[in-house]
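For reference, the structure is listed below as structure tokens.
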Number of protein chains: 2
Amino acid sequence: MLSDVMEDYLKTIYQIQARSGPPVSTSAIATALDKTPATVTSMLGTLEERGLITREKYKGAELTREGETVALEVLRHHRLLEAYLAERLDYSWSEVHEEADALEHHISEEFERRVAAALDDPAVDPHGDPIPSADLAPLEDDDATPLSTREVGDTVVVSRVSDRDREELEYLAEAGITPGTTLGIVDVAPFGMVTVETDDGGEQSLPESIAEAIYVVDADTDGTDRDAGSDVQEAGNA
Amino acid sequence: MLSDVMEDYLKTIYQIQARSGPPVSTSAIATALDKTPATVTSMLGTLEERGLITREKYKGAELTREGETVALEVLRHHRLLEAYLAERLDYSWSEVHEEADALEHHISEEFERRVAAALDDPAVDPHGDPIPSADLAPLEDDDATPLSTREVGDTVVVSRVSDRDREELEYLAEAGITPGTTLGIVDVAPFGMVTVETDDGGEQSLPESIAEAIYVVDADTDGTDRDAGSDVQEAGNA
DNA sequence: TTATTACTTTAGACGAGTCTAAAAGTGGAT
DNA sequence: ATCCACTTTTAGACTCGTCTAAAGTAATAA
């Protein structure tokens with residue numbers, strides 16, 4: 001019913017909205033989807049007519065409940081696929097994103113169910129991002145903050161890592177920094193360069209751009225409901 | 001590079017060509033893809049410009065080597081997916097077709113490799129259709145003929161079953177007639193109704209439309225290179 | 001041979017999604 | 001309070017894949 005293209009717009013708006021809150025600007029969407037702003041304006045018109053977003057001219061867009069549900073469905077497909085690819089087809093966590101992007105619009109409800117069942121209803125994907133539940137209930141807000149907002153001396157656990165940039169992910173995989181890793185912050189240099197000590201005692205210096213993509217919680221926070229260690233874990237339906 | 005739509009046309013032309021030989025008529029393609037003949041004529045023009053088919057006006061189309069390679073690639077994706085869904089996600093052989101149709105255009109080469117590896121390079125899909133090899137070498141001709149061409153007294157083994165109609169497949173699955181099943185033909189009535197005896201001694205009467213979709217070989221033929229029993233088997237690269 | 005019938009192609013239109021160029025609006029700095 | 005720089009929207013065009021309606025071709029039966 002909804003085209004792949006529209007689903008992509010809704011997913012993108014959801015993700016920007018989750019990070020920076022509404023309203024979501026035309027240019028932010030354009031950048032994320034690699035389209036011109038004019039194209040985005042045009043599509044926002046369509047999405048508004050369909051009742052999937054609301055919009056204030058020259059200000060930006062916000063998902064309606066219906067638009068959010070579509071976005072959550074797409075996100076559920078994406079993250080289930082990532083989890084499945086990593087768990088059952090030996091993909092590394094840095095490789096799964098593109099494949100999931102290509103497939104997320106094309107799987108049936110039946111496929112979704114079977115994949116979820118095969119993995120025992122995982123709660124998070126390999127990047128640590130939460131997988132929306134089958135009923136597409138809104139996701140809880142997240143108490144993790146970027147590593148770049150923490151201070152020297154903090155001990156934190158990696159909650160999730162943005163999966164936007166393949167290179168970054170490979171760099172971090174190399175460095176042993178994945179969801180579930182405990183980090184001690186040993187230095188914060190000018191321009192946001194952060195030096196951390198990993199589980200195994202090694203030290204890594206991370207440029208700010210990367211430190212911004214690593215979301216962490218305090219190490220003493222009970223990790224049980226957002227832990228994303230080596231194994232995906234069962235969903236507790238919020 | 002090639003759109004999904006073009007891939008679908010090429011796949012369809014390949015399949016009709018494999019059944020009835022070239023040239024493939026506009027209307028046959030139109031029927032198979034549920035498009036108008038005018039639409040097909042238009043797309044055949046595009047495909048010809050791209051060097052994927054040759055064409056004689058008012059006669060029909062034929063794949064070039066390049067067009068055939070594309071078709072084989074799509075077919076490989078489709079059949080690998082069918083095999084994977086059946087083997088690893090508990091789909092029944094009657095359910096896999098639609099899911100594979102939706103996904104076949106969207107999987108990466110990497111995904112193709114990993115799926116093939118996970119299944120140990122299967123030679124046939126759950127319907128008994130051969131899976132093109134990774135090098136996309138042309139498929140051998142097939143010595144199976146439709147059940148409807150056989151006579152009373154013949155003992156045959158089901159080689160493959162056309163996967164065009166979901167209802168038919170469920171009917172046959174119910175009747176225990178799948179690739180690998182041995183059948184004895186006990187009666188052929190007017191209008192092509194065929195009565196067969198299955199492995200387990202039961203008798204089934206099949207209308208001609210279904211008997212045409214069941215491809216069989218003589219039971220004494222060595223089944224080793226086209227057997228399609230419960231397990232998929234390794235490819236021997238032709 | 002010609003007429004009928006079935007099939008194919010041409011002609012022209014349309015919707016979706018995109019673009020470029022130009023006009024309009026917004027908001028901060030002077 | 002005005003202006004400037006930036007963002008957003010509008011206007012209009014283009015491609016792709018599709019359709020309908022009309023015209024052309026082929027094959028067959030009379």
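Sequence lines set the chain letters: A, B, ... in the order given, protein chains first and strands last, and positions in each chain run from 1.
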**OP:** Taking only the side-chain nitrogens and oxygens of Ser27(A), find out if one of them lies under 4.0 Å from OP1 or OP2 of dT8(D).
**Re:** yes

Original post:
Is it true that the side chains of Arg166(A) and Ser94(A) contain a donor and an acceptor less than 3.5 Å apart?
Top reply: no

Original post:
Listed by chain and number, what are the side-chain hydrogen bond (donor to acceptor under 3.5 Å, both in side chains) partners of Tyr91(A), not counting sequence neighbours?
Top reply: Glu99(A)

Subject >> His78(B) and His97(B) side chains, donor-acceptor separation under 3.5 Å >> reply: yes

Original post:
Could you write nucleotides 17-23 of chain C as a row of B, S and -, 5' to 3', where a protein heavy atom under 4.0 Å of any base atom gives B, of only sugar-phosphate atoms gives S, and otherwise -?
Top reply: SBBBB--

Original post:
Any side-chain N or O of Lys57(B) less than 4.0 Å from the OP1 or OP2 oxygen of dG24(D)?
Top reply: no

Subject >> Nearest-angstrom distance from the residue atom NZ of Lys59(B) to C1' of dA26(D) >> reply: 8 Å

Original post:
Atom CD of Glu56(B) to atom P of dT9(C): distance rounded to whole Å?
Top reply: 11 Å

Original post:
For Leu44(B) and dG17(D), what is the distance between atoms CG and P respectively, to the nearest whole Å?
Top reply: 13 Å

Original post:
For the pair made of CD1 in Ile29(B) and C1' in dC7(C), what is the distance, rounded to whole Å?
Top reply: 13 Å

Original post:
Between atom CD in Glu48(B) and atom P in dT8(C), what is the gap in whole Å?
Top reply: 16 Å

Original post:
Are Thr39(A) and Ser42(A) close enough that a side-chain donor and a side-chain acceptor fall under 3.5 Å?
Top reply: no

Original post:
Which atom pair, heavy atoms only, marks the closest approach of Glu212(A) to Ser148(A)?
Top reply: CG-OG, 3.4 Å

Subject >> For atom CZ of Arg55(B) and atom C1' of dT9(C), their distance in whole Å >> reply: 9 Å

Original post:
Should the heavy atoms of other residues, nucleotides or ligands under 6.0 Å from CD of Glu109(A) be counted, would the total exceed 12?
Top reply: yes

Subject >> Whole-Å gap separating C1' (dG17(D)) and CD (Glu49(B)) >> reply: 14 Å

